[in-house]
Student: 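Shown below is the structure under consideration.
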Amino acid sequence: MARHKKTAADLGAWLCFEDEAGQGLRPPKGRTWGRRGHTPVVRVTAAGTKRVSMAALICIKSGHRSRLIYRIHLDRGQAKGRRKGFTETDYARLLDAAHQQLGGPAILVRDNLNTHVSRRMRQLIEARLWLTVYQLPPHTPEFDPSRLRHGRRGGHVFT
């Protein structure tokens with residue numbers, strides 16, 4: 001790709017935003033009220049599953065309908081040395097599936113999750129010539145916590 005071309009439209013590429021989220025599936029342990037002699041019963045679903053994670057890409061390109069491409073990862077409990085969430089290989093598979101579905105080059109915008117910035121991930125990205133990656137800054141310069149004060153109704157107001 002030419003260095004002088006700066007936008008996804010100039011490159012004919014899809015602009016993809018990637019993020020991930022996870023949720024524990026086991027309810028918190030606690031106590032509740034019940035009638036005397038009737039112990040409350042809480043049904044727990046997904047008894048063997050401890051956590052579910054999802055990584056998704058929102059892809060847009062002028063003249064095309066937008067796409068949502070995602071993968072789900074279920075963590076089935078304790079295993080020594082195994083990651084609970086997505087690995088670099090999982091992210092690479094998601095990107096490959098997106099490339100196959102989109103049928104063209106992609107510009108990826110994402111955060112600074114440790115898996116995203118690892119040496120292994122950089123190697124996987126370099127092997128994909130159709131992919132350009134932009135990392136978001138660790139924080140926005142406009143959001144300076146020292147300028148934050150509380151508003152009258154408990155909200156936050158910038159000074």
Student: Looking at L15, is its backbone amide N or carbonyl O close enough to the side chain of K61 to form a donor-acceptor pair, meaning the two atoms are under 3.5 Å apart?
Tutor: no

Student: Which pair of non-hydrogen atoms, one from R71 and one from A97, has the smallest distance, and what is that distance?
Tutor: NH2-CB, 2.9 Å

Student: If you define the side chain from C-beta out and look only at heavy atoms, does anything of L113 sit under 4.5 Å from Y91?
Tutor: yes

Student: First locate atom CZ of F17, then atom CG of L108, and finally report the distance between them rounded to the nearest 0.5 Å.
Tutor: 9.5 Å

Student: Look only at the side chain of Q135 and the backbone of D111, and say whether a donor-acceptor pair between them is shorter than 3.5 Å.
Tutor: yes

Student: CD1 of I69 to SG of C59: how many Å apart, nearest 0.5 Å?
Tutor: 4.5 Å

Student: What do you reckon, is CZ of R128 surrounded by more than 12 foreign heavy atoms closer than 6.0 Å?
Tutor: yes

Student: What are the two closest heavy atoms between A56 and L94, and how far apart are they?
Tutor: N-CD2, 4.5 Å

Student: Considering non-hydrogen atoms only, spot the tightest contact between P137 and N112 and give its length.
Tutor: C-ND2, 3.7 Å

Student: Starting from V117, can I reach I125 by hopping between I/L/V/M/F/W/Y residues whose side chains sit under 4.5 Å apart?
Tutor: no

Student: Can you check side chain to side chain contact (heavy atoms under 4.5 Å, CB included) on R120 and T115, steps first, answer last?
Tutor: CA-CA 8 Å; R120 175 80 176 124; T115 309; over 6 Å; no

Student: Are the ring centres of W14 and H64 closer than 6.0 Å?
Tutor: yes

Student: Could you grab the distance from atom CG of L131 to atom CD of E126, nearest 0.5 Å is fine?
Tutor: 11.0 Å

Student: Step by step, would you call Y134 with T132 a side chain to side chain contact (heavy atoms under 4.5 Å, CB included)?
Tutor: CA-CA 7 Å; Y134 289 97; T132 304; 3.8 Å; yes

Student: For the atom pair CH2 (W130) and CD1 (I107), what is the distance rounded to the nearest 0.5 Å?
Tutor: 12.0 Å

Student: Under a 3.5 Å threshold, yes or no: a donor from one side chain and an acceptor from the other, between E20 and S53?
Tutor: no

Student: How long is the straight-line distance from CG of D19 back to CD1 of I58, given to the nearest 0.5 Å?
Tutor: 9.0 Å

Student: To the nearest 0.5 angstrom, please state how far the CD atom of E88 sits from the CZ atom of R119.
Tutor: 11.5 Å

Student: Side chains of L95 and E18: does their closest heavy-atom pair fall under 4.5 Å?
Tutor: no

Student: Output yes when a side-chain donor or acceptor of H116 lies under 3.5 Å from a complementary backbone atom of R110, and no otherwise.
Tutor: no

Student: Under 3.5 Å, is there a donor-acceptor pair between the side chain of D96 and the main chain of R93?
Tutor: no

Student: Could you tell me which non-hydrogen atom of L57 sits nearest to which non-hydrogen atom of A98, and how far apart they are?
Tutor: CD1-CB, 3.5 Å

